[in-house]
Protein chains: 2
Amino acid sequence: MSRRSHDRSAECRAFAVDAAAVAEARDSLHDETTARSLADVFSALCDPTRLQILTALSATELCVCDLAAVTGSSQSAVSHQLRVLRDRNLVAYRRDGKRAVYRLADDHVRVLLSQALEHVAEERA
Amino acid sequence: MSRRSHDRSAECRAFAVDAAAVAEARDSLHDETTARSLADVFSALCDPTRLQILTALSATELCVCDLAAVTGSSQSAVSHQLRVLRDRNLVAYRRDGKRAVYRLADDHVRVLLSQALEHVAEERA
DNA sequence: CTGTCGTGTGAACGTCTGCTCATACGTTCA
DNA sequence: TGAACGTATGAGCAGACGTTCACACGACAG
């Protein structure tokens, strides 16, 4: 514990290089629950199967069975993923007899998808 | 293997309920490389530590050491995450002596963050 | 009622992921 | 040149994740 200023190889320095910038950046961080919700939203979007589901639902509303057909996944897998998307408020659904017909919950999803699409298109230039 | 039409409990039906909707949705899906890139972008955004990094960089550019201070993570962890963000073209950096100063790569990141933020704010109403 | 359909769900399992630890590399300064 | 600094990276490990499998449940037809 002696020689305090020399034994922090992996810790980097305890004090910041640019204290002002660190303070400014720290203030800009979201509170914990907001940060958690943000991560949840993006977590819902990071799986290829869920992205396919959302892209499909951008075009038209679909029941679970048809979503399975569109994505090429099993009905069970789709149902599990829809549960995630429902919990994140990214999709909504209505019952139609024995079927459950899903649709996008709001337009934020479309914007998120289109922005990400723009990004990947741009970096290919 | 007989009784072909009765033993597909988990497979759901092989033909779609709403063939037209399925065809329309299927056409709207992105090609495989685009889908992969989209998933990569959102995968980069779904980790709390990386979200903190990007939020911090929305305010000001920062070196690795200061990012570690802002996020409360180790320098190694931040460096690993920055590698992910670099590979996804979400951040860029310049060398300044021994330091590496990182910044957001483009404005798509800001839009993505703000849209997700709007979404989580809205569903709390 | 009985059987089938469409869907939801829990357990199990293999894979992916993000962390720590240790170490290496390039830069700066004495 | 040698030491400290800032950063990058690989190995290893614990936990999260997505799938399959098996099954339960409500709705509808016969």
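Chain letters run A, B, ... following the sequence lines, proteins first and then strands; every chain starts at 1.
Between D/dA27 and A/R95, no contact under 4.0 Å exists linking OP1 or OP2 to a side-chain N or O. Residue A/Q81 places no side-chain N or O under 4.0 Å from the OP1 or OP2 atom of D/dC17. Put simply, B/S74 has a side-chain N or O that comes within less than 4.0 Å of OP1 or OP2 on C/dT20. Contact annotation: A/R83 side-chain N/O to C/dT9 OP1/OP2 distance is under 4.0 Å. In this structure, A/T49 reaches the D/dT19 phosphate: one of its side-chain N or O atoms is under 4.0 Å from OP1 or OP2.
Residue-level contact check: B/Y102 touches the backbone only, with heavy atoms under 4.0 Å from sugar-phosphate atoms and none from bases. Contact annotation for A/S43: no contact, since no heavy-atom pair falls under 4.0 Å across all strands.
Nucleotide C/dT17 holds its C1' atom 19 Å from the CZ atom of A/F42, rounded to whole Å. The interatomic distance linking B/I53 (CD1) with D/dT7 (P) rounds to 12 Å, in whole Å. In this entry the distance linking NZ of B/K98 with P of D/dA8 reads 15 Å, nearest Å. The distance from atom CG of B/L85 to atom C1' of D/dT7 is 16 Å, rounded to the nearest whole Å. We find that CG of A/D96 is positioned 14 Å from C1' of D/dG26, with the value rounded to whole Å. Rounded to whole angstrom, the span from the CG atom of A/L62 across to the C1' atom of C/dT7 amounts to 15 Å. Distance CD (A/Q75) to P (D/dG18): 17 Å, rounded to an integer number of Å. Rounded to a whole Å, the CZ atom of A/R99 is 16 Å from the C1' atom of D/dG26.
Judged by ring centres under 5.5 Å apart and planes tilted less than 30 degrees, B/H80 stacks against the six-membered base ring of D/dT9.
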Please list every donor-acceptor pair under 3.5 Å in which a side-chain atom of residues 85-93 of chain B meets a protein atom from a residue at least two apart or in another chain.
unit_1 : atom_1 : unit_2 : atom_2 : d
B/R86  : NE     : B/Y102 : OH     : 3.2
B/R88  : NE     : B/D40  : O      : 2.9

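Residues B/G97 and A/L82 each lie close to DNA chain C; by heavy-atom proximity, the contact nearer the 5' end of the strand is made by A/L82. Heavy-atom distances to DNA chain D give each of B/Y93 and A/D47 a nearest nucleotide, and the one nearer the 5′ end belongs to B/Y93.
When side chains are defined from C-beta on, A/L51 counts as touching A/L113, because their heavy atoms get closer than 4.5 Å.
In this structure, of D/dT7, C/dT27, C/dC19, it is D/dT7 that holds the atom nearest to the side chain of B/C63. With distances taken from any side-chain atom of B/A77 to the nucleotides D/dA8, C/dC19, C/dC5, the minimum falls on C/dC19. Relative to the side chain of B/S76, the nucleotides C/dC21, D/dT7, C/dT9 differ in distance, and C/dC21 lies closest. For B/R86, counting side-chain heavy atoms from C-beta on, the closest listed nucleotide (D/dA8, C/dT28, C/dT7) is D/dA8.
Looking at A/Q115 and A/H119, their side chains never bring a donor and an acceptor atom within 3.5 Å of each other.
Atom CZ of A/R36 is separated from atom NE2 of A/H30 by 16.0 Å, given to the nearest 0.5 angstrom. Note: B/R94 CZ to B/C63 SG = 10.0 Å, rounded to the nearest 0.5 Å.
C/dA30: Watson-Crick or G-U partner is D/dT1, with both key distances under 3.5 Å.
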Using the rule given for side chain to side chain contact (heavy atoms under 4.5 Å, CB included), can you reason through A/T60 versus A/L62, listing the C-alpha separation, both sets of side-chain angles and the distance that settles it, and then say yes or no?
CA-CA 6 Å; A/T60 177; A/L62 287 165; 4.1 Å; yes

